[in-house]
Amino acid sequence: MTVAAADLIRQPASVLAAAISAGEVSSVEVTKAHLARIAEVDERVHAFLQVTAEAALESAQVVDAKRKTGAKLGSLAGVPIAVKDVLTMRGVPTTCGSKILEGWCPPYDSTVVSRLRAADMVILGKTNMDEFAMGSSTEHSAYGPTHNPWDLARIPGGSGGGSAAALAAFETPLSIGTDTGGSIRQPAAVTGTVGVKPTYGGVSRYGLVALASSLDQAGPCARSVLDAALLHSVIAGHDPRDSTSINAPVPDVVAAANRGDVRGLRIGLVKELSGEGYQAGVLQRFNEAVELLQGLGAEVVEVSCPHFDYALGAYYLILPSEASSNLARFDGMRYGLRVGDDGSNSVEQVMSLSREAGFGAEVKRRIMLGTYALSSGYYDAYYGQAQKVRTLITRDFNAAFEKADVLISPTAPTTAFKIGEKVDDPLAMYLNDIATIPVNLAGNCAMSLPVGLSPADGLPVGLQIMAPPMADDRLYLVGAALESALTDSWGHLLIEEVPDL
Amino acid sequence: MTAITRDEVAHLAKLARLDLSGAELDHYAGQLAVILQSVARIGEVAADDIPPTSHPVPVENVFRDDIAMPGLDRAEVLAAAPATEDHRFRVPRILDEEEA
């Protein structure tokens, strides 16, 4: 492969990995091309909070040297990757998009980062996010918003807007996101990229700074289904350091992505995740994709999940409750910001002053909401009832998966909206995740992939595929088949249509 | 049912260790009421006999082999602390004036 640096940044991870492994291009060349791209465009996109250029080049050199000795390399060896700033990386600032952790250098690697290193991948840096992953637009980052490469005046989704925008801006071929209510899938949908929330417990949460422990899950972000599968297989698998990690073999997602076949598969349309509240342009592209799947040999059936109508309410009680408890650790004692330690204030006063100064508006809002939902007198009506609704949502999924092998819906009700449009309207912001939240509550897996541009505004539309727990391979089987049919009709991946920055 | 007063917000902020300003108290009192009103819809679901889900994957008593593993590096941990003294975390006084 003799390709110019400008072309290197547009290559799929699978192609880069093969070229590096065959010695046609070095990891150092690939890494330099991406670092140059970041230097060129990130001032406008702001996908990165931290670029670890020196360390990236060092790891690239190690991979190149290792290849020359004939040592066995991982399937993505030498390929660059960006990591959402909510996963710890030893010695590199991990801020979670918050002032309270500004400059904090964790003394350990998260398991996801350890696995990327063990697979000889090259980490380019840490990506921007809504503070502590609370948000759907990346506007709640304490370090300023990320801009959507499709239109820099618009949001890239959230909370993992940095990881998605970095892909759409060709700053990295792969990135890591985390998804608590849609933070991988909704950014993928609005940036024309692919994002997967694996089955809960499929990827270790060790070193993932917790938002809501029973909902959080890290997963792969990419520009194609196959690339996502390759990354999925690198980061997934049992980890004794996470007691909720599933001790079972990882579904063969790469084989599924290579096979891409929906013939004879039953695909369920979820009645409750469509219609009112969804933009006409989103529904049009979604319906076209459904027809395409039918044409490819899938059997499309309608399913009803009546309790999904209550998922948003249950989520916005469970999430703040868990968050208010998890974020209690940021008290300015052992790490992070400390304010008012002047010898006269007590520890309690210093904690309150530090948290007031260090947390942003959305974080404070959710901490208080959670504190309220967990307080005595309200616990049963709010948190207790939400947990019961969660059971009913899981039962809805179980019933639907009796009738269908996978379920589909639009990933998000709208395309990317303008920066500033919803930032102080929490309810409007929360509605972005209406279709993605049920999966987090039930713990199963889902993927978003691009299915075209909305005729109304020319912005990307995402389709969500949902599968039962530990049937992650089905996401890739269906996703690859749909992606291949769509790229055949367009002549290229949708991301190729992103405007030049 | 879901109206929330400024005093209640102040109480929540105290419980949550947030030294909110007066303007923030007013702002959040309005917003929390709207959010609570919206999520309160879950009360419509008849779920008295439904068991709660606290966790999507039922797990219990997860053990690992009893093998000693290195802990975090003390110097590295203390380097990230806001204040240290004698190789320990230094914290402000823990008692209020009247308790001291």
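Letters A, B, ... mirror the listed sequences (proteins, then strands); counts begin at 1.
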(message) Under a 3.5 Å distance rule, please check whether A:Gln385 uses its side chain to pair with a backbone N or O of B:Val45 as donor and acceptor.
(response)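 Side chain of A:Gln385 to backbone of B:Val45, a donor-acceptor pair under 3.5 Å: yes, one is there.
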(message) Using modelled atom types and a 3.5 Å cut-off, is there a donor and acceptor pairing between side-chain atoms of A:Arg355 and backbone atoms of B:Arg17?
(response) yes
Minimum heavy-atom separation for [X] and [Y], please, with both atom names.
X: A:Val347; Y: B:Ile94; value: CG1-CA, 3.8 Å
X: B:Ala16; Y: A:Thr371; value: CB-OG1, 3.7 Å
X: B:Pro92; Y: A:Ser346; value: CB-C, 4.1 Å

Option in [options] with maximal non-hydrogen atom pairs under 4.5 Å from chain B:
options: A:Asn440, A:Asn345, A:Thr394; answer: A:Asn345
options: A:Glu322, A:Met333, A:Met351; answer: A:Met333
options: A:Gly358, A:Ala361, A:Cys105, A:Gly340; answer: A:Ala361

Is [X] in contact with chain B via its backbone, its side chain, both, or neither, using a 4.5 Å heavy-atom distance?
X: A:Ala386; value: both
X: A:Pro469; value: neither
X: A:Leu353; value: both
X: A:Tyr315; value: neither
X: A:Tyr383; value: neither
X: A:Asp424; value: both
X: A:Ser324; value: neither
X: A:Ala311; value: neither

Tell me, for [X] versus chain A, whether the close heavy atoms (under 4.5 Å) come from the side chain, the backbone, both or neither.
X: B:Ser54; result: both
X: B:Val39; result: both
X: B:His27; result: side chain

(request) Select, from B:Thr84, B:Ile35, B:Ile42, B:Leu78, the one with the greatest count of heavy-atom pairs under 4.5 Å involving chain A. (result)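 Among B:Thr84, B:Ile35, B:Ile42, B:Leu78, the one with the most close pairs to chain A is B:Ile42.
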(message) Let's go through A:Leu312 and B:Arg41 carefully: what are the C-alpha distance in whole Å and the side-chain angles of both, what is the deciding distance for side-chain contact (heavy atoms from CB on, under 4.5 Å) to 0.1 Å, and is it a yes or a no?
(response) CA-CA 10 Å; A:Leu312 197 69; B:Arg41 272 194 65 225; over 6 Å; no
(message) When you compare the side chain of B:Leu36 with that of A:Leu369, does any pair of heavy atoms fall below 4.5 Å?
(response) yes
(request) Compare all side-chain heavy atoms of A:Met368 with those of B:Gln31 and state whether any distance is below 4.5 angstrom. (result)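 Side-chain contact under 4.5 Å: no.
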(message) Within the 3.5 Å criterion, strictly below it, is a donor on B:Glu44 or A:Tyr310 matched to an acceptor on the partner's side chain?
(response) yes
(message) Could you measure the distance from the CD1 atom of B:Ile50 to the NZ atom of A:Lys388? Nearest 0.5 Å is fine.
(response) 8.5 Å
